[in-house]
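Take a look at the structure below.
Because the structure is predicted, anything quoted here is derived from the model rather than measured.
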Amino acid sequence: MVEHWQLDDSAPALYERYLVPRITALWAADLVQRAGLRPGDRVLDVACGTGAVARVAAERVGPTGAVSALDINPHMLATAQSLASRAGLAIDWHEGSALALPFADASFDAVLCQLGVQFFPDRPAAIREMRRVLRHGGRLAVSVYSAIERTPAAHGLADGLDRHLRPGASNIKRAEHVMTDAGELHGLLARAGFRDIVVNAVTQTIRFPSALEYVRLQLTATPMAALIKDLDAPAHDALIRRIADEVAVMPRVRQSADTFEFPQEAYVALGAA
């Protein structure tokens, strides 16, 4: 995966504690449901991060199934392994690249990849690898964020970083949303040999206690923390507040006394091997 979406050994715990329950877990439940996992299935989670999808998959396939999970970041994997162990879930963790999956051909009944394809330096190669490790008739389920304009809080955050920090400061955030066309995702799967491909635009409602909390966590528990790590405390807090004030009044967001919510859109693609 591209280097700028890598976290150091402190950020994964923050990411898991504050962002997974409010964002990633929603998409994980949706992806696993759409993949139609069954008890006994052999499942691979590619670019697993802290393991949100892998944990849901392990619960779905049960003790007769098997879940493997792969990520390039050892710190994310360490957090994922710890969480799974505490939950009593048997998941086989692997450090490695999506471009060269360390598994034999036809090893899995289902391959899942949540919000990771957009970061791969060679997307066609990654999708071909997912196809290779699927058995004939196996199922692929992948998701990617759509255009940043379709997720207003992210759009406001990106614009605010460029305006109040420096031009181009938002590149990391905008990189999450580079696959703006559902046809691009469909084409990736088709060219890799998948059939019965369906791509849907799916929207989740994301909730935080406030716009301030959303911006603060985005700039603390993601790679964007590097953007402001050298600011002193007053400048750090002032920047977050300025951006949060603008995010709170973006179109299609709602801010009440104790809840900030906004729509977040992703493309979810399914295909058969």
For E213, what residues pass the side chain to side chain donor-acceptor pair (under 3.5 Å) criterion, not counting sequence neighbours? R216
With sequence neighbours excluded, residues passing salt bridge (Lys or Arg N to Asp or Glu O under 4.0 Å) with R128: none
Residues in salt bridge (Lys or Arg N to Asp or Glu O under 4.0 Å) with R60, at least two apart? none
Qualifying salt bridge (Lys or Arg N to Asp or Glu O under 4.0 Å) pairs with a residue from residues 99-121, counting only residues at least two apart or across chains: R42-D109, D105-R132, D109-R135
Contacts of type ring pair (Phe, Tyr, Trp, His ring centres under 6.0 Å), residue F262, not counting sequence neighbours: Y214, F260
With respect to Y15, which candidate in I23, T24, T79 satisfies the side chain to side chain contact (heavy atoms under 4.5 Å, CB included) definition? T24
Hits for side chain to side chain donor-acceptor pair (under 3.5 Å) against E261, two or more places apart or cross-chain, chain-then-number order -> R207, R254
Is there a side chain to side chain contact (heavy atoms under 4.5 Å, CB included) between L101 and V46? Walk through the geometry before answering. CA-CA 9 Å; L101 296 175; V46 178; 4.3 Å; yes
So, using ring pair (Phe, Tyr, Trp, His ring centres under 6.0 Å) as the criterion, who are the partners of Y18 when residues are at least two apart? none
Contacts of F194 that satisfy ring pair (Phe, Tyr, Trp, His ring centres under 6.0 Å) - sequence neighbours left out: none
Shortest non-hydrogen contact between A110 and L37, atoms and distance: CB-CD2, 3.6 Å
Contacts of type side chain to side chain donor-acceptor pair (under 3.5 Å), residue S210, not counting sequence neighbours: none
Show me the donor-acceptor pairs within less than 3.5 Å that the side chains of residues 235-250 make with the rest of the protein, sequence neighbours left out.
from : atom 1 : to   : atom 2 : distance (Å)
E246 : OE1    : R163 : NH1    : 2.5
E246 : OE1    : H164 : NE2    : 3.4
E246 : OE2    : H164 : NE2    : 2.6

For A47 against C113, the heavy-atom pair lying closest together: CB-SG, 4.4 Å
With sequence neighbours excluded, what pairs up with S170 under the side chain to side chain donor-acceptor pair (under 3.5 Å) test? D162, R174
Heavy-atom check, side chain of S107 versus side chain of L44, under 4.5 Å: no
I'd like to check the ring pair (Phe, Tyr, Trp, His ring centres under 6.0 Å) partners of H177; sequence neighbours left out, ordered by chain and number. Y145
